[in-house]
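A quick write-up on the structure given underneath.
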Amino acid sequence: TCKNIRADKAGAVGKAETVYACTQIPKYQVLHGHELAPSTTCLGGQEAWNQCDRGRFFCELGKPQRWTGKSSTEWDVVKRALDELNSLQPPGAGTVSAGGKATDELMQDRDQDTMGRLPNIMAMRAAKVRDWFKVTARLDYSTHVACQDFFLDPTEIMHQLIRAYKLRPESLPLDLSSCTWVEGRCQQSSDWYSPEQEKKRQAYLHGGFMKVFDAHSLATLNAWADPVLEASLGYTLFEDLQKASTPYTKESRCTLHLPESLKPYYCPPGAPVLQVGYNSASSRR
């Protein structure tokens, strides 16, 4: 189950006492997401899809593998059998060639009912969020936190989650170091209070990210966004650029930014409280 899976910074994943890591297999790669596992000590392509890069599989650490022996004859035989069986597999996550371009389109980024292309990234985002809520309905417990709330006070947010789910931190105080993301890549790991991280947070908290919008582009975005779905995530759709650019603080969170449907639950009378846990009412404890 999900709660028995752990991930660390090295990309290793463990189930109970078994630890898996992304492993390069000779002459055999994850290309479509439905590839059969290369051995009983590895997981299949579906488990590695979007988790491992460079076509690698999730395999158990510290276990001898048939492709690491002195002779490659046995592995070549197995590899031919795997290729033949994979050719009979239905396309799962898959990729679709985009007219010969270097980049491929993921089938999981399409409409999962029709497998047609979604009209834009907002429609894709909404489809993914709805699919995620379908998954969380089957989990023992789940919650999510808006980025802006986490940026306000990450320590308080983490301790709320620790108390709510009776978690046991590996160490205290909590380690808030993280990546500085630049164009989708982790450039370096930095402390939460470093200038790079502070600059990134303030772009959100001070409304700087709204500089790329004008009235027309904001209206276009709102036209594709579902206000009910956004509210379940803790976000309000603003039609006014000035309101949307208002700095996000504990006070403005309750007076302006939070959806009206959430304010009775997360904005109690009196001093502002940074309480989170959206959608927890529908989660099973």
Side-chain angles (χ1 to χ4, degrees), residues 105-106 108-139 141-154 156-157 160-161 164 181 184 200-270 272-285:
E105 176 187 0
L106 300 180
Q108 65 190 47
D109 288 339
R110 290 191 168 202
D111 187 314
Q112 294 302 297
D113 293 324
T114 66
M115 298 313 296
R117 288 183 173 179
L118 293 162
N120 54 52
I121 195 169
M122 286 301 295
M124 182 189 298
R125 175 181 178 276
K128 287 179 176 292
V129 171
R130 291 191 179 97
D131 285 344
W132 171 240
F133 281 157
K134 291 178 182 177
V135 171
T136 60
R138 299 193 295 271
L139 298 179
Y141 51 81
S142 69
T143 191
H144 59 270
V145 179
C147 288
Q148 292 167 322
D149 288 339
F150 190 80
F151 287 164
L152 276 180
D153 192 340
E156 172 58 25
I157 296 295
Q160 281 192 39
L161 298 177
W181 289 94
K200 181 174 69 173
R201 289 196 300 276
Q202 296 311 320
Y204 286 94
L205 295 179
H206 289 177
F209 67 97
M210 289 300 300
K211 292 180 179 179
V212 299
F213 287 92
D214 57 20
H216 177 74
S217 59
L218 182 62
T220 302
L221 183 147
N222 286 340
W224 282 100
D226 181 342
V228 176
L229 186 64
E230 297 302 318
S232 68
L233 297 170
Y235 298 117
T236 296
L237 298 182
F238 291 100
E239 298 179 359
D240 181 81
L241 279 171
Q242 185 174 358
K243 286 186 176 181
S245 303
T246 302
Y248 194 90
T249 65
K250 289 184 180 181
E251 290 75 15
S252 66
R253 175 179 184 263
C254 283
T255 58
L256 178 65
H257 289 286
L258 270 187
E260 293 296 327
S261 59
L262 295 181
K263 288 181 180 179
Y265 302 98
Y266 300 109
C267 296
V273 177
L274 187 58
Q275 185 175 343
V276 298
Y278 310 130
N279 202 41
S280 59
S282 62
S283 302
R284 300 191 304 273
R285 297 291 183 90

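Predicted model only: the values in this text are computed from it and were never measured. Positions are given from 1, in the same order as the sequence printed here.
Applying the 6.0 Å contact sphere to CG of Leu229 captures more than 12 heavy atoms from other residues, nucleotides or ligands.
Formation of a donor-acceptor pair under 3.5 Å by the Ser245 side chain with backbone atoms of Leu241 is found in this model. With hydrogens and angles disregarded, a donor-acceptor distance shorter than 3.5 Å links the side chain of His144 to the backbone of Ser232.
Taking the side chain as every heavy atom from C-beta outward, Phe213 and Leu221 approach each other to under 4.5 Å. Counting only heavy atoms from C-beta outward, the side chains of Leu233 and Phe133 approach each other to under 4.5 Å. Annotation: side chain of Leu218 is in contact with side chain of Met210 (closest heavy-atom distance under 4.5 Å).
Residues Val212 and Ser217 share a closest heavy-atom pair of O-OG, 4.3 Å. Scanning both residues, Ser261 and Pro264, for their nearest heavy atoms gives O-CD, 3.8 Å. Of all non-hydrogen atoms in Pro247 and Ser252, the two that sit nearest each other are O-OG, 2.8 Å. A pairwise comparison of heavy atoms in Glu230 and Ala225 identifies CG-CB, 4.3 Å as the closest pair.
For the pairing with Pro227, the side-chain contact (heavy atoms from CB on, under 4.5 Å) check across Thr236, Leu237, Asn222 returns one residue only, Leu237. Under the salt bridge (charged side-chain N to carboxylate O under 4.0 Å, His left out) test applied with Asp149, the options Lys250, Arg253, Arg201 reduce to a single match, Arg253.
Every residue meeting the side chain to side chain contact (heavy atoms under 4.5 Å, CB included) condition with Met124, not counting sequence neighbours, appears here in chain and number order: Asp109, Leu118, Lys128. The salt bridge (Lys or Arg N to Asp or Glu O under 4.0 Å) search around Lys243 returns none, not counting sequence neighbours. Every residue two or more places apart in sequence or in another chain that forms a ring-ring contact (aromatic ring centres under 6.0 Å, His included) with Tyr204 is listed here: Phe151, Phe209.
Rounded to the nearest 0.5 Å, atoms NE2 (His206) and OG1 (Thr249) are 9.0 Å apart. Annotation: the span from Asn120 atom CG to Trp224 atom CH2 amounts to 5.0 Å, rounded to 0.5 Å.
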Exercise for the section: Would you check, one step at a time, whether the test side-chain contact (heavy atoms from CB on, under 4.5 Å) holds for Tyr235 with Gln148? Expected result: CA-CA 10 Å; Tyr235 298 117; Gln148 292 167 322; 4.0 Å; yes
Exercise for the section: For side-chain contact (heavy atoms from CB on, under 4.5 Å), just list the numbers for Arg130 and Asp226, CA-CA rounded to whole Å, side-chain angles, deciding distance to a tenth of an Å, and then say yes or no. Expected result: CA-CA 11 Å; Arg130 291 191 179 97; Asp226 181 342; 2.8 Å; yes
